[in-house]
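Small disclaimer: the values here were computed from a predicted structure and weren't measured. So you know, we letter chains A, B, ... as the sequences are listed, proteins then strands, and number each from 1.
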Amino acid sequence: MRYMVPRQTEDRFSQLRRGTLEYCVLAILRMKERYGFELVKELSSVDGMVTTEGTIYPLLTRLRKDGLVTSDWKESTKGPPRRYYRITPKGGRALAAFADEWKRFSASVDQLMEGETRP
Amino acid sequence: MNTPTHPEVTRYLRDLERALHDVPGSRRREIVEEIREHIAEASGSVSGDPHEGSIRSVLDQVGDPETIAEEARERFGITRSKAGALEGFSIALLLVGGVIIPGVGWIVGAVLLWVSRVWTLRDKLIGTLLVPGGLALAFFFGLFATGTSSSCVVKGGVGGTPGTPLGICSAETTGPEIWWTLLLVLLIVVPLGTAFYLGRRAFRR
């Protein structure tokens with residue numbers, strides 16, 4: 001009983017997180033190209049964004065397939081070449097559209113949470 | 001060049017590859033390859049020379065292969081191939097099909113095994129090779145073995161010393177007979193193990 005409520009909340013958030021994660025990835029790549037490990041570390045440094053690091057890779061593969069990111073190999077100073085991910089114009093447009101919607105959506109949620117609804 | 005060969009990592013990547021079995025090949029390889037690199041990088045940055053503890057914590061952070069596979073299936077809209085009647089029949093026929101309809105029953109089971117989308121190549125090879133014919137081999141081998149032991153009795157009777165107690169004859173054959181019995185036990189245990197394995201691989205969850 002004591003742990004049931006937090007657990008459900010966590011499940012609900014994991015759905016929300018899943019839905020927004022791809023845009024968070026795009027947002028990070030908008031600044032600068034990154035290789036997988038870098039990207040994962042950057043995401044997990046933000047509280048609560050990534051609980052299972054490995055799940056980022058299926059997402060990256062999916063984004064690449066959808067043409068929202070591209071990747072190419074670059075030599076690294078140590079170790080094998082790395083696959084660097086870069087955002088595409090299509091990815092940029094998807095991100096911009098999401099950012100707009102998100103602003104409105106989160107404002108609405110905040111408003112309701114704070115009980116400032118006006119009829 | 002710096003790919004981790006730590007046994008734990010090798011095992012993890014093998015589990016991951018297996019968990020991703022219903023994800024199309026090129027994507028599966030890409031995911032496994034990227035995660036391999038991730039592990040290499042992460043374990044290298046934990047300490048210069050990765051030891052067990054750090055490897056394990058790296059793998060914990062990367063996550064359970066099943067969780068990653070579940071994510072991949074969701075991202076690619078793949079419905080997990082679910083085991084059903086076909087898999088059930090296949091397991092049953094591989095085990096006892098050869099006894100019920102000699103030879104043919106097992107072959108039908110093997111065909112179903114290879115047709116199914118639930119099992120990996122490795123599972124299918126295990127199912128086929130351990131043991132061809134299933135329990136039929138043990139069954140007919142058992143018949144054959146009782147045949148030889150009775151011929152032994154006859155031989156003992158004919159061999160110049162009529163009335164030789166049976167005990168001598170069986171004493172003579174004790175050595176090889178132990179091996180025959182062991183083989184028989186193996187021929188029963190291994191197909192049962194395979195059936196259990198295939199069942200677990202198909203119907204877990």
J.: Count the heavy-atom pairs under 4.5 Å between each of V40(A), L59(A), L60(A) and chain B, then report the option with the highest count.
T.: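 If we count pairs closer than 4.5 Å to chain B, L59(A) comes out on top.
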
J.: Pick one of side chain, backbone, both or neither for R18(A), based on which atoms fall under 4.5 Å of a heavy atom in chain B.
T.: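 Both parts, backbone and side chain.
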
J.: Determine all donor-acceptor pairs shorter than 3.5 Å in which one atom belongs to a side chain in residues 18-28 of chain B; sequence neighbours excluded.
T.:
residue : atom : partner : partner atom : Å
D22(B)  : OD1  : R73(B)  : NH1          : 3.3
R28(B)  : NH1  : H21(B)  : O            : 3.3
R28(B)  : NH1  : V23(B)  : O            : 3.3

J.: Do the rings of F105(A) and W102(A) sit parallel, tilted or perpendicular, given the 30° and 60° boundaries?
T.: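 Rings of F105(A) and W102(A): tilted, as their planes differ by 30° to 60°.
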
J.: Heavy-atom distance under 4.5 Å to chain B: side chain of V50(A), backbone, both or neither?
T.: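 V50(A) has no heavy atom closer than 4.5 Å to chain B.
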
J.: Considering only heavy atoms, which portion of L39(A) lies under 4.5 Å from any heavy atom of chain B: side chain, backbone, both, or neither?
T.: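 Looking at L39(A), nothing touches chain B.
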
J.: Kindly assign one of parallel, tilted or perpendicular to the pair Y57(A) and H38(B), based on the angle between their ring planes and the thresholds 30° and 60°.
T.: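 Plane angle over 60°, so perpendicular.
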
J.: Which one of R86(A), R82(A), R83(A) satisfies the salt bridge (charged side-chain N to carboxylate O under 4.0 Å, His left out) criterion with D72(A)?
T.: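 Of R86(A), R82(A), R83(A), salt bridge (charged side-chain N to carboxylate O under 4.0 Å, His left out) with D72(A) is met by R86(A) alone.
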
